[in-house]
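Note that this is a predicted model, so its numbers are computed, not measured.
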Amino acid sequence: MRELIIAKNDAGQRLDKFLLKKFSTMPKSMAYMYIRKKCIKINGKKVTPQAMLNEGDILTFYIKDEFFEDSNKEKNNYEFLKAPAKFKIIYEDKNFLLIDKKPGVIVHQDSSYHFDCLLLRAQHYLYDKGEYNPKEENSFAPALVNRIDRNTGGIVIIAKNAESLRILNEKMKQRELHKLYLCLLINMPKKETALLSDYLIKDESKNKVTVLKKQIPNSKDIKTKYKVLKTENNLTLCEVELLTGRTHQIRAHMASINCPILGDNKYGNKKLNSSYKLNKQCLYSYKLRFDFTTDSGILNYLNGKEFSTEEIWFMDYLK
(Lines give C-alpha, C1' and ligand atoms only; values in the text may rest on other atoms or scores of the structure.)
Protein backbone atom coordinates (compact mmCIF):
# COMPACT_ATOMS: atom_id res chain seq x y z
CA MET A 1 0.00 0.00 0.00
CA ARG A 2 1.21 3.50 -0.84
CA GLU A 3 -0.09 6.93 0.07
CA LEU A 4 0.04 10.26 -1.67
CA ILE A 5 -1.12 13.65 -0.38
CA ILE A 6 -2.73 15.92 -2.97
CA ALA A 7 -0.75 19.12 -3.32
CA LYS A 8 -2.08 22.50 -4.47
CA ASN A 9 -1.13 21.91 -8.13
CA ASP A 10 -2.93 18.55 -8.12
CA ALA A 11 -6.20 19.86 -6.69
CA GLY A 12 -9.21 20.84 -8.74
CA GLN A 13 -9.05 17.98 -11.22
CA ARG A 14 -10.77 14.64 -11.62
CA LEU A 15 -9.21 11.54 -10.14
CA ASP A 16 -8.99 9.72 -13.48
CA LYS A 17 -7.26 12.70 -15.15
CA PHE A 18 -4.77 12.86 -12.29
CA LEU A 19 -3.96 9.16 -12.48
CA LEU A 20 -3.24 9.26 -16.21
CA LYS A 21 -0.83 12.17 -15.69
CA LYS A 22 0.83 10.71 -12.60
CA PHE A 23 1.19 7.19 -14.04
CA SER A 24 1.81 7.73 -17.75
CA THR A 25 2.57 4.02 -18.32
CA MET A 26 -0.71 2.90 -16.77
CA PRO A 27 -3.34 1.94 -19.39
CA LYS A 28 -6.55 3.92 -19.07
CA SER A 29 -8.60 0.75 -18.73
CA MET A 30 -6.42 -0.39 -15.84
CA ALA A 31 -6.81 2.92 -14.03
CA TYR A 32 -10.59 2.57 -14.21
CA MET A 33 -10.36 -1.06 -13.08
CA TYR A 34 -8.28 -0.10 -10.04
CA ILE A 35 -10.85 2.54 -9.06
CA ARG A 36 -13.77 0.16 -9.58
CA LYS A 37 -12.12 -2.55 -7.44
CA LYS A 38 -11.38 -0.08 -4.60
CA CYS A 39 -7.63 -0.32 -5.18
CA ILE A 40 -7.50 3.46 -5.22
CA LYS A 41 -9.30 5.42 -2.50
CA ILE A 42 -9.58 9.04 -1.41
CA ASN A 43 -9.39 9.60 2.35
CA GLY A 44 -10.05 5.90 2.84
CA LYS A 45 -13.32 5.90 0.90
CA LYS A 46 -14.40 4.30 -2.35
CA VAL A 47 -14.70 6.84 -5.15
CA THR A 48 -15.65 7.20 -8.80
CA PRO A 49 -13.31 8.22 -11.66
CA GLN A 50 -15.06 11.62 -11.73
CA ALA A 51 -14.26 12.41 -8.07
CA MET A 52 -12.68 15.86 -7.73
CA LEU A 53 -9.40 16.13 -5.84
CA ASN A 54 -8.93 18.70 -3.08
CA GLU A 55 -5.69 19.94 -1.58
CA GLY A 56 -4.77 17.74 1.40
CA ASP A 57 -6.73 14.70 0.23
CA ILE A 58 -4.95 11.42 0.95
CA LEU A 59 -4.90 8.89 -1.87
CA THR A 60 -4.22 5.28 -0.99
CA PHE A 61 -3.01 2.87 -3.66
CA TYR A 62 -3.12 -0.91 -3.74
CA ILE A 63 -1.55 -1.19 -7.19
CA LYS A 64 1.61 -2.61 -8.75
CA ASP A 65 4.84 -0.98 -7.58
CA GLU A 66 6.07 -0.85 -11.17
CA PHE A 67 3.83 2.13 -11.91
CA PHE A 68 5.49 4.15 -9.15
CA GLU A 69 8.92 3.03 -10.32
CA ASP A 70 8.20 3.93 -13.97
CA SER A 71 6.90 7.32 -12.85
CA ASN A 72 10.11 8.06 -10.93
CA LYS A 73 12.29 6.95 -13.85
CA GLU A 74 10.47 9.32 -16.19
CA LYS A 75 10.91 12.24 -13.81
CA ASN A 76 14.66 11.71 -13.79
CA ASN A 77 14.81 12.04 -17.59
CA TYR A 78 14.29 15.76 -17.84
CA GLU A 79 13.88 16.27 -21.54
CA PHE A 80 13.38 20.00 -21.10
CA LEU A 81 17.04 20.35 -20.05
CA LYS A 82 18.01 19.58 -23.66
CA ALA A 83 16.24 22.76 -24.79
CA PRO A 84 18.08 26.08 -24.43
CA ALA A 85 16.59 28.34 -21.76
CA LYS A 86 16.61 31.24 -24.21
CA PHE A 87 13.73 33.59 -25.03
CA LYS A 88 12.62 37.18 -24.49
CA ILE A 89 10.43 37.81 -21.45
CA ILE A 90 7.82 40.55 -21.73
CA TYR A 91 6.44 40.07 -18.22
CA GLU A 92 6.82 37.62 -15.37
CA ASP A 93 5.40 37.12 -11.90
CA LYS A 94 4.87 34.17 -9.58
CA ASN A 95 1.88 32.91 -11.59
CA PHE A 96 2.81 33.15 -15.26
CA LEU A 97 5.22 34.21 -17.98
CA LEU A 98 4.62 36.29 -21.09
CA ILE A 99 7.17 35.35 -23.75
CA ASP A 100 7.87 37.05 -27.07
CA LYS A 101 8.13 34.02 -29.36
CA LYS A 102 10.22 34.60 -32.45
CA PRO A 103 9.22 33.18 -35.86
CA GLY A 104 10.75 29.77 -36.52
CA VAL A 105 10.34 28.52 -32.95
CA ILE A 106 7.62 25.93 -32.36
CA VAL A 107 5.59 26.29 -29.17
CA HIS A 108 5.35 22.59 -28.28
CA GLN A 109 6.87 19.29 -29.31
CA ASP A 110 5.78 17.58 -32.49
CA SER A 111 6.88 14.50 -34.43
CA SER A 112 9.90 16.25 -35.94
CA TYR A 113 11.04 18.34 -32.94
CA HIS A 114 11.59 16.21 -29.89
CA PHE A 115 13.42 18.50 -27.49
CA ASP A 116 13.56 22.15 -28.58
CA CYS A 117 10.35 24.13 -28.34
CA LEU A 118 9.18 27.19 -26.46
CA LEU A 119 7.41 25.21 -23.75
CA LEU A 120 10.47 23.10 -22.94
CA ARG A 121 12.66 26.23 -22.99
CA ALA A 122 10.32 27.80 -20.43
CA GLN A 123 10.36 24.68 -18.26
CA HIS A 124 14.18 24.66 -18.40
CA TYR A 125 14.25 28.34 -17.41
CA LEU A 126 11.88 27.81 -14.47
CA TYR A 127 13.83 24.73 -13.36
CA ASP A 128 17.05 26.76 -13.30
CA LYS A 129 15.25 29.43 -11.25
CA GLY A 130 14.05 26.83 -8.76
CA GLU A 131 10.39 27.51 -9.55
CA TYR A 132 9.73 24.14 -11.15
CA ASN A 133 10.91 20.80 -9.79
CA PRO A 134 9.35 17.71 -11.42
CA LYS A 135 10.24 15.62 -8.38
CA GLU A 136 7.82 17.68 -6.32
CA GLU A 137 4.99 17.49 -8.85
CA ASN A 138 2.61 14.59 -9.35
CA SER A 139 0.63 15.81 -12.34
CA PHE A 140 1.53 19.43 -13.16
CA ALA A 141 4.16 21.02 -15.34
CA PRO A 142 4.32 24.63 -16.56
CA ALA A 143 1.98 24.76 -19.54
CA LEU A 144 0.93 26.79 -22.58
CA VAL A 145 -2.22 28.89 -22.39
CA ASN A 146 -2.17 29.89 -26.07
CA ARG A 147 -0.39 28.71 -29.19
CA ILE A 148 1.11 30.46 -32.19
CA ASP A 149 2.12 28.96 -35.54
CA ARG A 150 5.79 28.17 -35.99
CA ASN A 151 6.41 30.93 -38.55
CA THR A 152 4.33 33.53 -36.72
CA GLY A 153 5.82 35.55 -33.86
CA GLY A 154 4.20 37.01 -30.80
CA ILE A 155 3.13 36.81 -27.19
CA VAL A 156 2.76 33.35 -25.66
CA ILE A 157 1.44 32.78 -22.13
CA ILE A 158 3.01 30.11 -19.89
CA ALA A 159 1.21 29.25 -16.64
CA LYS A 160 3.49 28.45 -13.71
CA ASN A 161 0.91 26.73 -11.53
CA ALA A 162 -2.26 24.72 -11.96
CA GLU A 163 -4.62 27.37 -10.56
CA SER A 164 -3.33 30.03 -12.95
CA LEU A 165 -3.58 27.59 -15.84
CA ARG A 166 -7.22 26.81 -15.07
CA ILE A 167 -8.13 30.50 -14.73
CA LEU A 168 -6.30 31.60 -17.87
CA ASN A 169 -7.72 28.74 -19.94
CA GLU A 170 -11.23 29.72 -18.85
CA LYS A 171 -10.60 33.41 -19.57
CA MET A 172 -9.28 32.51 -23.00
CA LYS A 173 -12.35 30.39 -23.65
CA GLN A 174 -14.69 33.18 -22.52
CA ARG A 175 -12.86 35.78 -24.66
CA GLU A 176 -11.75 37.79 -21.64
CA LEU A 177 -8.20 37.85 -22.99
CA HIS A 178 -7.86 40.04 -26.07
CA LYS A 179 -5.03 39.27 -28.49
CA LEU A 180 -4.15 41.89 -31.08
CA TYR A 181 -2.00 41.19 -34.11
CA LEU A 182 -0.05 43.31 -36.56
CA CYS A 183 0.15 42.07 -40.13
CA LEU A 184 1.55 43.41 -43.38
CA LEU A 185 -0.90 42.87 -46.23
CA ILE A 186 -0.44 42.86 -49.97
CA ASN A 187 -2.95 45.39 -51.40
CA MET A 188 -5.30 47.69 -49.54
CA PRO A 189 -8.60 46.47 -48.06
CA LYS A 190 -11.70 48.20 -49.48
CA LYS A 191 -12.63 49.44 -46.00
CA GLU A 192 -10.26 50.99 -43.48
CA THR A 193 -11.93 49.07 -40.68
CA ALA A 194 -14.31 46.13 -40.78
CA LEU A 195 -15.56 43.02 -39.06
CA LEU A 196 -15.29 40.01 -41.37
CA SER A 197 -17.79 37.22 -40.66
CA ASP A 198 -17.59 33.98 -42.63
CA TYR A 199 -17.07 30.25 -42.25
CA LEU A 200 -13.95 28.13 -42.34
CA ILE A 201 -13.33 24.48 -43.09
CA LYS A 202 -10.04 22.65 -42.61
CA ASP A 203 -8.40 20.01 -44.80
CA GLU A 204 -6.44 18.01 -42.24
CA SER A 205 -4.40 16.15 -44.87
CA LYS A 206 -3.06 19.42 -46.28
CA ASN A 207 -3.13 21.41 -43.04
CA LYS A 208 -4.91 24.14 -44.95
CA VAL A 209 -8.21 25.95 -44.47
CA THR A 210 -10.75 27.44 -46.86
CA VAL A 211 -12.96 30.46 -46.14
CA LEU A 212 -16.62 30.13 -47.14
CA LYS A 213 -19.47 32.61 -47.35
CA LYS A 214 -22.08 30.01 -46.41
CA GLN A 215 -22.06 27.37 -43.73
CA ILE A 216 -21.59 23.74 -44.75
CA PRO A 217 -21.22 20.55 -42.68
CA ASN A 218 -18.08 20.61 -40.46
CA SER A 219 -17.41 24.29 -41.15
CA LYS A 220 -16.93 26.73 -38.26
CA ASP A 221 -17.86 30.37 -37.98
CA ILE A 222 -15.02 32.92 -38.00
CA LYS A 223 -14.99 36.58 -37.03
CA THR A 224 -11.97 38.77 -37.73
CA LYS A 225 -11.83 42.49 -36.94
CA TYR A 226 -9.20 44.65 -38.64
CA LYS A 227 -8.11 48.29 -38.77
CA VAL A 228 -5.78 49.82 -41.37
CA LEU A 229 -2.86 51.66 -39.74
CA LYS A 230 -0.63 52.59 -42.69
CA THR A 231 -0.24 52.01 -46.41
CA GLU A 232 3.03 52.21 -48.34
CA ASN A 233 4.10 50.81 -51.75
CA ASN A 234 1.02 48.59 -52.11
CA LEU A 235 1.62 47.17 -48.63
CA THR A 236 -0.84 47.77 -45.81
CA LEU A 237 -0.13 47.54 -42.10
CA CYS A 238 -3.20 46.35 -40.21
CA GLU A 239 -4.10 45.70 -36.61
CA VAL A 240 -6.24 42.57 -36.33
CA GLU A 241 -8.27 41.15 -33.46
CA LEU A 242 -9.51 37.57 -33.47
CA LEU A 243 -13.04 37.28 -32.17
CA THR A 244 -12.88 33.54 -32.85
CA GLY A 245 -9.71 31.49 -32.76
CA ARG A 246 -9.46 29.08 -35.67
CA THR A 247 -6.52 27.49 -37.47
CA HIS A 248 -4.80 30.00 -39.81
CA GLN A 249 -7.78 32.31 -39.35
CA ILE A 250 -6.08 35.67 -39.96
CA ARG A 251 -4.03 34.37 -42.87
CA ALA A 252 -6.94 32.77 -44.68
CA HIS A 253 -9.50 35.46 -43.87
CA MET A 254 -7.38 38.34 -45.13
CA ALA A 255 -6.46 36.37 -48.24
CA SER A 256 -10.17 35.85 -48.89
CA ILE A 257 -10.61 39.62 -49.40
CA ASN A 258 -7.64 39.71 -51.81
CA CYS A 259 -5.27 41.04 -49.15
CA PRO A 260 -2.99 38.10 -48.31
CA ILE A 261 -0.24 38.50 -45.73
CA LEU A 262 3.18 39.25 -47.17
CA GLY A 263 5.44 36.23 -46.85
CA ASP A 264 2.59 33.73 -46.57
CA ASN A 265 3.20 31.09 -49.23
CA LYS A 266 0.26 28.92 -48.20
CA TYR A 267 -2.45 31.53 -48.71
CA GLY A 268 -0.61 34.34 -50.43
CA ASN A 269 1.48 35.44 -53.42
CA LYS A 270 4.52 33.17 -53.74
CA LYS A 271 6.05 35.20 -56.56
CA LEU A 272 5.89 38.46 -54.64
CA ASN A 273 7.07 36.78 -51.45
CA SER A 274 10.07 35.46 -53.35
CA SER A 275 10.93 38.95 -54.58
CA TYR A 276 11.11 40.05 -50.94
CA LYS A 277 13.08 36.88 -50.10
CA LEU A 278 10.53 35.94 -47.46
CA ASN A 279 9.77 32.45 -46.16
CA LYS A 280 7.66 33.47 -43.15
CA GLN A 281 4.47 35.46 -42.89
CA CYS A 282 4.50 39.08 -41.73
CA LEU A 283 2.17 38.43 -38.82
CA TYR A 284 2.82 39.14 -35.15
CA SER A 285 0.72 38.77 -32.01
CA TYR A 286 1.99 42.00 -30.49
CA LYS A 287 -0.48 42.98 -27.78
CA LEU A 288 -2.38 41.21 -24.99
CA ARG A 289 -5.10 42.82 -22.91
CA PHE A 290 -6.75 41.36 -19.81
CA ASP A 291 -10.40 42.36 -19.70
CA PHE A 292 -12.04 40.21 -17.02
CA THR A 293 -15.80 40.36 -16.69
CA THR A 294 -15.99 37.65 -14.03
CA ASP A 295 -14.00 36.83 -10.91
CA SER A 296 -10.43 35.76 -11.68
CA GLY A 297 -9.29 34.46 -8.31
CA ILE A 298 -5.56 34.82 -7.75
CA LEU A 299 -5.26 36.68 -11.07
CA ASN A 300 -7.70 39.51 -10.34
CA TYR A 301 -4.74 41.92 -10.20
CA LEU A 302 -4.34 41.54 -13.98
CA ASN A 303 -7.71 43.02 -14.87
CA GLY A 304 -7.32 46.03 -17.15
CA LYS A 305 -3.60 45.45 -17.74
CA GLU A 306 -2.12 45.45 -21.23
CA PHE A 307 1.21 44.08 -22.43
CA SER A 308 2.90 44.52 -25.80
CA THR A 309 6.12 44.02 -27.70
CA GLU A 310 7.66 46.66 -29.94
CA GLU A 311 10.11 44.40 -31.77
CA ILE A 312 8.12 43.63 -34.94
CA TRP A 313 10.61 42.31 -37.49
CA PHE A 314 8.72 43.30 -40.67
CA MET A 315 8.10 46.98 -39.91
CA ASP A 316 11.12 48.02 -42.03
CA TYR A 317 9.27 46.98 -45.20
CA LEU A 318 7.06 50.07 -44.81
CA LYS A 319 9.96 52.53 -44.82
TODO: Return yes if a side-chain donor-acceptor contact under 3.5 Å exists between Glu239 and Tyr286, otherwise no.
DONE: yes
Open item on the list: Using a 6.0 Å distance limit plus a 45 degree cone around the ring axis, check whether Lys21 lies over the aromatic ring of Phe140.
Closed with: no
Open item on the list: Counting only heavy atoms not in Lys41 (residues, nucleotides, ligands), do more than 12 fall under 6.0 Å from its NZ?
Closed with: yes
TODO: Answer yes or no: is there a donor N or O on one side and an acceptor on the other, between the side chain of Gln215 and the main chain of Asp221, under 3.5 Å?
DONE: no
Open item on the list: Does Lys227, at its NZ atom, have more than 12 non-hydrogen atoms belonging to other residues, nucleotides or ligands within less than 6.0 Å?
Closed with: no
- [ ] Output all residues satisfying salt bridge (charged side-chain N to carboxylate O under 4.0 Å, His left out) with Arg251, sequence neighbours left out; order by chain, then residue number.
- [x] Asp149, Asp264
Open item on the list: Is the shortest side-chain heavy-atom distance between Met315 and Tyr284 below 4.5 Å?
Closed with: no
Open item on the list: For a quick test of reading the model, state the closest non-hydrogen atom pair linking Ser308 to Ile90 and the distance between them.
Closed with: O-CG2, 3.9 Å
TODO: Give me the other members of the hydrophobic cluster that Ile58 sits in, counting Ile, Leu, Val, Met, Phe, Trp and Tyr linked by side-chain heavy atoms under 4.5 Å, directly or via other members.
DONE: Ile5
Open item on the list: Between Ile40 and Val47, does the side-chain contact (heavy atoms from CB on, under 4.5 Å) criterion hold? Intermediate values first, please.
Closed with: CA-CA 8 Å; Ile40 299 175; Val47 289; 5.6 Å; no
TODO: With sequence neighbours excluded, tell me which residues meet side-chain hydrogen bond (donor to acceptor under 3.5 Å, both in side chains) with Thr60.
DONE: none
Task: Side-chain donor/acceptor of Asn207 to backbone N/O of Glu204, under 3.5 Å - done: no
Task: Short side-chain to backbone donor-acceptor contact, Lys208 and Lys266, under 3.5 Å - done: yes
Task: Lys129 atom NZ, neighbour heavy-atom count above 12 within 6.0 Å - done: yes
Open item on the list: Can you list everything that forms a salt bridge (charged side-chain N to carboxylate O under 4.0 Å, His left out) with Asp295? Sequence neighbours excluded, please.
Closed with: none
Open item on the list: In the structure I gave you, are the side-chain heavy atoms of Lys305 and Tyr91 within less than 4.5 Å of one another anywhere?
Closed with: no
Task: Residues Lys82, Asp116: salt bridge by 4.0 Å N-O rule - done: no
Task: Enclosure of Asn218 CG (heavy-atom neighbours >12, cutoff 6.0 Å) - done: no
- [ ] Decide yes or no for Tyr267 and Ile261: does some side-chain heavy atom of the first lie under 4.5 Å from some side-chain heavy atom of the second?
- [x] no
- [ ] Provide the closest heavy-atom pair for Leu165 versus Ala143 in the form atom of the first, atom of the second, distance.
- [x] CD2-CB, 3.8 Å
Task: Closest non-hydrogen atom pair between Lys101 and Val107, with its separation - done: CD-CG1, 3.4 Å
Open item on the list: Looking at Lys223, is its backbone amide N or carbonyl O close enough to the side chain of Gln249 to form a donor-acceptor pair, meaning the two atoms are under 3.5 Å apart?
Closed with: yes
Open item on the list: Quick check against the 3.5 Å criterion: does Asp93 have a side-chain atom that pairs as donor or acceptor with the backbone of Asn95?
Closed with: yes
Open item on the list: If you compare all heavy atoms of Phe314 against all heavy atoms of Leu283, which two are closest, and at what distance to 0.1 Å?
Closed with: CE2-N, 3.4 Å
Open item on the list: Using a 3.5 Å distance criterion without hydrogens, assess whether the side chain of Ser139 forms a donor-acceptor pair with backbone atoms of Lys22.
Closed with: no
TODO: Could you tell me whether the side chain of His178 and the main chain of Arg289 form a donor-acceptor pair under 3.5 Å?
DONE: no
TODO: Sequence neighbours left out, what passes side-chain hydrogen bond (donor to acceptor under 3.5 Å, both in side chains) with Lys220? Give chain and number order.
DONE: none
Task: Note, Thr236 side chain near Asn187 side chain (heavy atom, < 4.5 Å) - done: no
Task: Lys88 vs Thr309 side-chain heavy atoms within contact, under 4.5 Å - done: yes
Task: From CA spacing to verdict: side-chain contact (heavy atoms from CB on, under 4.5 Å), Lys202, Arg246 - done: CA-CA 9 Å; Lys202 184 177 181 182; Arg246 312 297 188 195; over 6 Å; no
Open item on the list: Under a 3.5 Å threshold, yes or no: a donor from one side chain and an acceptor from the other, between Asn161 and Asn9?
Closed with: no
TODO: Indicate yes or no: at least one non-hydrogen side-chain atom of Phe23 is less than 4.5 angstrom from one of Ile63.
DONE: yes
TODO: Say whether, by atom type as modelled, one donor and one acceptor occur between the side chain of Arg2 and the main chain of Phe61 under 3.5 angstrom.
DONE: no
- [ ] Taking atom NZ of Lys17 as the centre, report whether more than 12 heavy atoms of other residues, nucleotides or ligands fall under 6.0 Å from it.
- [x] no
TODO: Could you give me the CA-CA distance, side-chain angles and deciding distance for Ile6 and Leu4, then say whether side-chain contact (heavy atoms from CB on, under 4.5 Å) is met?
DONE: CA-CA 6 Å; Ile6 295 299; Leu4 185 153; 4.0 Å; yes
Open item on the list: Please find the pair of heavy atoms, one from Ala85 and one from Asp128, that lie closest to each other, and give the distance.
Closed with: CB-OD2, 4.3 Å
Would you list the atom pairs, donor with acceptor, under 3.5 Å between side chains in residues 189-198 and any protein atom, with sequence neighbours excluded?
from: Thr193; atom 1: OG1; to: Tyr226; atom 2: O; distance (Å): 3.1
from: Asp198; atom 1: OD1; to: Lys213; atom 2: NZ; distance (Å): 3.2
from: Asp198; atom 1: OD2; to: His253; atom 2: NE2; distance (Å): 2.8

Open item on the list: Quick check on Lys38: does its NZ atom have over 12 non-hydrogen neighbours (other residues, nucleotides or ligands) under 6.0 Å away?
Closed with: no
TODO: Give a yes or no on whether the ring-centroid distance for Tyr132 and Tyr125 is below 6.0 angstrom.
DONE: no
Task: Side-chain donor-acceptor pair present, Asn303, Asp291, cut-off under 3.5 Å - done: no
- [ ] Evaluate the side-chain proximity of Leu53 to Leu59: yes if any heavy-atom separation is below 4.5 Å, no if none is.
- [x] yes
TODO: Say whether, by atom type as modelled, one donor and one acceptor occur between the side chain of Asn151 and the main chain of Gln281 under 3.5 angstrom.
DONE: no
Open item on the list: I want to check something: taking the side chain as every heavy atom from C-beta on, are Lys102 and Glu311 in contact at a cut-off of under 4.5 Å?
Closed with: yes
Open item on the list: Please say yes or no: joined through hydrophobic side-chain contacts below 4.5 Å, possibly via intermediate residues, are Met188 and Val240 part of one cluster?
Closed with: yes
Open item on the list: Tell me if a side-chain donor or acceptor on Thr210 pairs with a main-chain N or O of Ile201 at a distance below 3.5 Å.
Closed with: no
Task: Considering all heavy atoms, the nearest Ser285-Lys179 contact - done: OG-CB, 4.5 Å
Task: Thr294 versus Lys171, side-chain donor and acceptor atoms under 3.5 Å - done: yes
Open item on the list: Could you walk me through whether Thr152 and Ile250 satisfy the side-chain contact (heavy atoms from CB on, under 4.5 Å) test, starting with their C-alpha distance in whole Å, then the side-chain angles of each, then the deciding distance to 0.1 Å, before giving a yes or no?
Closed with: CA-CA 11 Å; Thr152 298; Ile250 296 176; over 6 Å; no
